[in-house]
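Structure record follows, encoded as structure tokens.
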Number of protein chains: 2
Amino acid sequence: MSRRGYGQFCGLARALEVVGDRWALLIVRDLWGGPGRYTDLAKGLPGIPSNVLSARLRELEDIGVLHRVAVPRPGSGVVYELTEDGRALQEVLLGLGRWGSRYLTRPGDGEVLTPACVTSALQALFRPEAAAGVRATFELALSQPAERILGPGHAWLDEVVVHARVEARRISSTAGPAVEPDLRIATKAERMLDVLAGTASPREVRLSGDTALLPVFSRLFRLPAAPG
Amino acid sequence: MSRRGYGQFCGLARALEVVGDRWALLIVRDLWGGPGRYTDLAKGLPGIPSNVLSARLRELEDIGVLHRVAVPRPGSGVVYELTEDGRALQEVLLGLGRWGSRYLTRPGDGEVLTPACVTSALQALFRPEAAAGVRATFELALSQPAERILGPGHAWLDEVVVHARVEARRISSTAGPAVEPDLRIATKAERMLDVLAGTASPREVRLSGDTALLPVFSRLFRLPAAPG
DNA sequence: CCGGATCCTCGGTGATACTG
DNA sequence: CAGTATCACCGAGGATCCGG
């Protein structure tokens with residue numbers, strides 16, 4: 001982190017010098033879904049100081065993890081996009097997210113869900129071996145209580161909607177609603193892990209579409225065992 | 001990092017809160033080879049302030065990534081050992097180290113090799129598909145120039161010796177010399193990547209044992225393409 | 001509104017010295 | 001050997017302001 005290195009000729013140390021700064025890897029995560037503009041990133045990273053976001057974007061660009069692209073129209077027009085080196089981080093970050101999800105129980109105080117949180121979780125926890133023969137599109141709508149406020153001026157989405165397409169033992173997950181989901185799952189944000197684990201109470205989950213697909217959906221994912 | 005979280009209910013964010021602090025992942029890396037004591041860690045992490053090492057160890061212990069074990073004899077007797085959750089980080093860190101190794105060219109100013117750097121690199125860059133039929137023990141001795149000094153009071157190893165056992169398409173890599181290596185490779189630290197890539201000049205490498213195994217050794221590893 | 005730049009504060013980090 | 005104590009410093013946090 002910082003300009004100060006670790007003094008070691010080591011791939012891991014070098015990686016941490018390059019993307020170990022605070023917020024850096026979350027920026028990379030938020031750009032998985034495609035190019036994003038400064039304001040999109042700021043929205044997906046509630047609480048990041050604007051000067052830090054600005055500094056990280058410049059550092060990550062200098063390093064070659066992302067590059068800025070001028071977009072013709074509309075808007076003032078500059079988006080940030082991952083380079084090939086940046087996309088090469090995806091499998092690593094999925095693994096790190098999978099590891100970290102063992103420390104997730106329910107949203108803590110002041111913790112919110114963002115679309116990138118959900119899409120990355122779906123990809124990280126996906127079990128290809130359990131997806132044989134599954135071919136469906138799922139839409140997930142997670143609502144967050146308005147009380148969960150970070151502070152003045154910090155906006156966040158009161159409902160996070162993402163969708164996932166499962167096909168050929170692979171999953172692709174994108175922010176936003178699906179055009180025609182086979183199953184739509186709506187619940188509170190704090191129930192997300194229960195839905196993935198298959199332990200959610202039916203009374204807490206509102207379904208639309210092919211209801212029988214819910215257990216199919218849950219079996220697609222594996223949550224790591226709790227620590228200890 | 002720090003006590004301040006990211007405000008997101010996300011596995012990746014949680015992981016970064018837990019092990020994203022500076023030095024934390026390098027401590028985990030240095031404990032792969034087995035339990036180590038405070039002084040061993042300090043030696044393997046040249047430049048880490050003692051208070052930071054102390055703080056990280058306590059934090060990582062609180063979280064459950066490692067735990068301290070009282071060792072009967074000899075010495076005052078306390079070693080740090082990875083827990084199961086800590087060992088679960090290995091594959092992730094190998095991936096991160098593999099990603100970061102694309103930014104390695106040669107040791108920069110003030111950069112040293114440590115045994116953990118070399119053993120983790122061997123494991124990270126190993127290609128199982130290229131190890132079919134290979135069954136051998138290699139010893140690697142990398143010498144570092146004495147001029148590469150970090151500062152007063154910072155000791156480091158002037159020669160890093162590790163060994164690797166390749167068998168059944170797997171590699172195990174350990175610090176220290178091998179009991180009876182099939183091939184011993186000695187060169188300067190700055191030539192390490194050349195040896196792994198198979199592009200080292202024969203004049204720069206001193207071999208002992210079955211010399212014909214050198215190309216076999218080099219083909220066991222793949223270095224990522226340079227960035228850009 | 002977008003894309004930052006600027007200013008200030010606070011606390012983690014780095015470096016050194018010291019102790020059970 | 002295994003840390004704790006102390007202090008300077010600089011990056012992160014937080015708010016505000018500015019040019020297109």
Side-chain angles (χ1 to χ4, degrees), chain A residues 1-8 16-17 19-27 35-61 66 68-81 110 149-155, chain B residues 1-8 13 16-17 19-27 30 35-61 66 68-81 110 149-155:
Chain A
M1 300 83 159
S2 320
R3 293 290 59 111
R4 201 156 206 82
Y6 287 104
Q8 299 190 1
L16 293 173
E17 291 166 0
V19 292
D21 277 292
R22 194 156 157 77
W23 297 104
L25 290 179
L26 295 183
I27 292 174
R37 48 176 68 235
Y38 186 91
T39 323
D40 299 330
L41 290 167
K43 256 196 278 274
L45 270 11
I48 188 174
S50 66
N51 57 351
V52 173
L53 175 55
S54 173
R56 290 295 168 276
L57 288 173
R58 200 175 314 117
E59 294 163 10
L60 292 173
E61 187 188 8
L66 56 82
R68 74 181 63 198
V69 180
V71 52
R73 297 263 27 151
S76 59
V78 48
V79 294
Y80 299 89
E81 184 179 29
I149 300 203
L150 289 168
H154 286 297
Chain B
M1 295 87 156
S2 320
R3 294 287 59 110
R4 200 154 207 85
Y6 287 103
Q8 300 189 0
L16 293 173
E17 290 165 0
V19 292
D21 277 291
R22 196 157 153 76
W23 297 104
L25 290 179
L26 294 183
I27 292 174
D30 277 21
R37 48 177 71 233
Y38 187 92
T39 323
D40 299 330
L41 290 168
K43 257 197 277 272
L45 270 11
I48 189 175
S50 63
N51 56 350
V52 173
L53 176 55
S54 172
R56 291 295 168 276
L57 288 172
R58 199 175 314 116
E59 293 163 9
L60 292 173
E61 186 187 9
L66 55 81
R68 72 182 63 200
V69 181
V71 53
R73 300 265 26 158
S76 60
V78 49
V79 293
Y80 298 90
E81 184 178 29
I149 300 203
L150 290 168
H154 286 297

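Keep in mind it's a predicted model, so treat the numbers as computed, not measured. What's counted below: heavy atoms across the whole structure, side chains too, no hydrogens, waters or symmetry copies. Chain letters run A, B, ... following the sequence lines, proteins first and then strands; every chain starts at 1.
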For this session: State the CD-CG distance between Gln8(B) and Leu16(B), to the nearest 0.5 angstrom.
Result: 10.0 Å
For this session: Return the value, rounded to whole Å, for the distance between atom CZ of Arg68(B) and atom P of dC1(D).
Result: 17 Å
Problem set entry | Rounded distance in Å - CG (Leu53(A)) to P (dG14(D)) | 15 Å
Exercise. Is Ser50(B) touching bases, backbone alone, or none of the nucleic acid, heavy atoms closer than 4.0 Å?
Worked result: base
Exercise. Nearest 0.5 Å, what's the CD-CH2 distance between Glu59(A) and Trp23(A)?
Worked result: 14.5 Å
For this session: Spell out yes or no: do the side chain of Asn51(B) and the base of dG14(C) have one donor N/O and one acceptor N/O closer than 3.5 Å?
Result: yes
Exercise. Is any side-chain heavy atom of Arg22(A) closer than 4.5 Å to a side-chain heavy atom of Ile48(A)?
Worked result: no
Seminar exercise, completed: From CG of Leu57(B) across to C1' of dT13(C) the rounded distance in Å is 16 Å
For this session: Whole angstrom is fine here: how far is it from CD in Glu61(A) over to P in dG3(C)?
Result: 14 Å
Problem set entry | Whole angstrom value for the distance that separates P of dG14(D) from CD1 of Ile48(A) | 11 Å
Exercise. Taking OP1 and OP2 of dC1(D), is either one under 4.0 Å from a side-chain nitrogen or oxygen of Arg37(B)?
Worked result: no
For this session: Output yes when at least one side-chain N/O atom of Arg22(B) is less than 4.0 Å from OP1 or OP2 of dG14(C), else no.
Result: yes
For this session: Take atom CG of Leu41(B) and atom P of dC1(D), then tell me their distance rounded to the nearest Å.
Result: 13 Å
For this session: Determine yes or no for a side-chain-to-main-chain donor-acceptor pair under 3.5 angstrom, with Asp30(B) supplying the side chain and Ile27(B) the backbone.
Result: no
For this session: Quick one: label Thr39(B) by what it contacts on the DNA or RNA (base, sugar-phosphate, nothing), any heavy atom closer than 4.0 Å.
Result: sugar-phosphate
For this session: State whether Arg56(A) places a side-chain N or O below 4.0 Å from either non-bridging phosphate oxygen (OP1 or OP2) of dG4(C).
Result: no
For this session: Using whole Å, report how far CG of Leu45(A) lies from P of dG3(C).
Result: 15 Å
Exercise. Rounded to the Å, how far apart are Asp21(A) CG and dC10(D) P?
Worked result: 16 Å
Problem set entry | Inter-residue atom distance Leu53(B).CG - Leu26(B).CG, 0.5 Å rounding | 11.5 Å
